[in-house]
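Both backbone and side-chain heavy atoms feed into the values below; hydrogens, waters and symmetry mates do not. Treat the numbers as computed from the prediction; the structure is a model and nothing was measured.
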Amino acid sequence: MGALSPAERAAYERHLATCSFCREAVADISTLPDLLSRLDAKEFAKLLDPTLTAGDHPGASLRDMAASTAPSGNRGKRRKTLGVRVLSTVAVAILVGLVGIGVLAFVRGSTPDNQPLGPAVAMTRVEGTSPVTATLRMAGTSGGTKVELRCKYSGTQPATLRLIAYGHDEEQEQVGSWQGAPGAEFKMDGATHFAPGELSRLELVKADGTPLLAYDVP
């Protein structure tokens, strides 16, 4: 919505490409811009003004309108306009809350005060041969664990690959997915909500869930 700098927007879009949780969150609020477009400047000013009085509140306006002696046609039109304004005001409040939480989580996940990434560790084949080799680097964050993946795909046909994180109770979360191209190297910066003490295993799997590589977290 124009609130991010070009560098922040680029970082956000890179993250969105690998994070299914954030893609779902964006989809959840996709209808709000249309509601916001219906909000006029006066209603938005009331939302931001901490000195808002009861008489200025949309609820009070609704009561005044109900008691109005204006013709019924005008009252209906005014009620419809006010309903849109109230709904838009609620949408702004929800959006401010969601964006605030999302930005806080994104900033916390990328702050330079986080622990530096650990040394690269190799993922091992689950069984037989694998068309993929990969290394991982990890670091704890305030919201879980940051994961940096580097892999090379040597298969002869393109394939969809996924990185899955597991907790100790076998709860799982997709860290990211990408298209493996023959001979191509891929780097992904992702994150999981599992904290270092909760993260037990990372698996690199094919689209059908067949595991190719794994790393058991000490």
Side-chain angles (χ1 to χ4, degrees), residues 4 7-30 98 101-102 105-111 114-218:
L4 300 178
E8 290 172 331
R9 181 176 178 83
Y12 164 74
E13 289 179 345
R14 286 196 301 270
H15 173 75
L16 198 65
T18 62
C19 181
S20 58
F21 177 84
C22 286
R23 287 197 298 272
E24 291 173 2
V26 170
D28 287 341
I29 61 173
S30 61
L98 288 173
I101 293 171
F106 183 77
V107 170
R108 282 180 175 176
S110 59
T111 175
N114 284 337
Q115 298 180 19
L117 289 169
V121 293
M123 300 187 75
T124 58
R125 296 189 188 95
V126 174
E127 59 180 32
T129 60
S130 169
V132 187
T133 57
T135 59
L136 297 168
R137 297 178 68 197
M138 293 177 288
T141 71
S142 58
T145 302
K146 181 178 180 180
V147 180
E148 179 191 272
L149 169 78
R150 291 178 179 270
C151 74
K152 183 174 181 179
Y153 178 67
S154 57
T156 58
Q157 298 293 328
T160 299
L161 305 172
R162 299 188 294 141
L163 184 65
I164 308 296
Y166 290 88
H168 291 294
D169 57 357
E170 291 304 310
E171 179 187 357
Q172 61 178 273
E173 175 186 27
Q174 179 171 299
V175 180
S177 64
W178 65 98
Q179 186 76 3
E185 295 186 0
F186 178 79
K187 177 183 176 182
M188 180 186 72
D189 293 324
T192 172
H193 76 278
F194 295 118
E198 301 170 339
L199 181 62
S200 64
R201 183 178 174 90
L202 288 158
E203 284 188 355
L204 193 155
V205 305
K206 295 194 297 185
D208 62 3
T210 303
L212 299 174
L213 302 174
Y215 175 72
D216 291 316
V217 182

Trainee: For the CG atom of L199 and the CG atom of D216, what is their distance to the nearest 0.5 Å?
Mentor: 10.0 Å

Trainee: For E203 and Y166, which heavy atoms make the closest approach, and how far apart are they?
Mentor: OE1-OH, 3.4 Å

Trainee: Got L163 and W178 here, is their nearest side-chain heavy-atom distance under 4.5 Å?
Mentor: yes

Trainee: Determine whether a donor-acceptor pair (N or O, by modelled atom type, separation under 3.5 Å) exists between the side chain of E148 and the backbone of L117.
Mentor: no

Trainee: What distance separates M123 CE from L136 CG, expressed to the nearest 0.5 Å?
Mentor: 5.0 Å

Trainee: Which distance, rounded to the nearest 0.5 Å, do you find between the CD of Q172 and the CZ of R201?
Mentor: 11.5 Å

Trainee: Closest approach of M138 and Y215, non-hydrogen atoms and distance?
Mentor: CE-CE2, 3.5 Å

Trainee: If every non-hydrogen atom of P211 is compared with every non-hydrogen atom of V205, which pair is closest and at what distance?
Mentor: CA-CG1, 3.7 Å

Trainee: For T192, which of I164, T145, T141 qualifies under side-chain contact (heavy atoms from CB on, under 4.5 Å)?
Mentor: T145

Trainee: Between S200 (side chain) and G167 (backbone), is there a donor-acceptor pair under 3.5 Å?
Mentor: yes

Trainee: Distance from L204 atom CG to S130 atom OG, nearest 0.5 Å?
Mentor: 7.5 Å

Trainee: Looking at every non-hydrogen atom in both residues, tell me the closest pair between M188 and G176 and how far apart they are.
Mentor: SD-CA, 3.8 Å

Trainee: Report the C-alpha distance between L149 and V175 in whole Å, list the side-chain angles of each, state the deciding distance to 0.1 Å, and finish with yes or no for side-chain contact (heavy atoms from CB on, under 4.5 Å).
Mentor: CA-CA 10 Å; L149 169 78; V175 180; over 6 Å; no

Trainee: Would E185 and R150 satisfy salt bridge (charged side-chain N to carboxylate O under 4.0 Å, His left out), going step by step from the backbone distance to the final call?
Mentor: CA-CA 7 Å; E185 295 186 0; R150 291 178 179 270; over 6 Å; no

Trainee: With the side chain counted from C-beta on, respond yes when P182 and S154 share a heavy-atom pair under 4.5 Å apart, and no when they do not.
Mentor: no

Trainee: So, the side chain of R137 versus the backbone of P119: is there a donor-acceptor pair under 3.5 Å, distance only?
Mentor: no

Trainee: Could you tell me which non-hydrogen atom of G144 sits nearest to which non-hydrogen atom of P196, and how far apart they are?
Mentor: O-CD, 3.7 Å

Trainee: To check you understand the geometry: which heavy-atom pair defines the closest contact between G128 and R125, and what is its length?
Mentor: O-CD, 3.1 Å

Trainee: Once rounded to the nearest 0.5 Å, what's the spacing between atom NZ of K152 and atom OG1 of T135?
Mentor: 13.0 Å

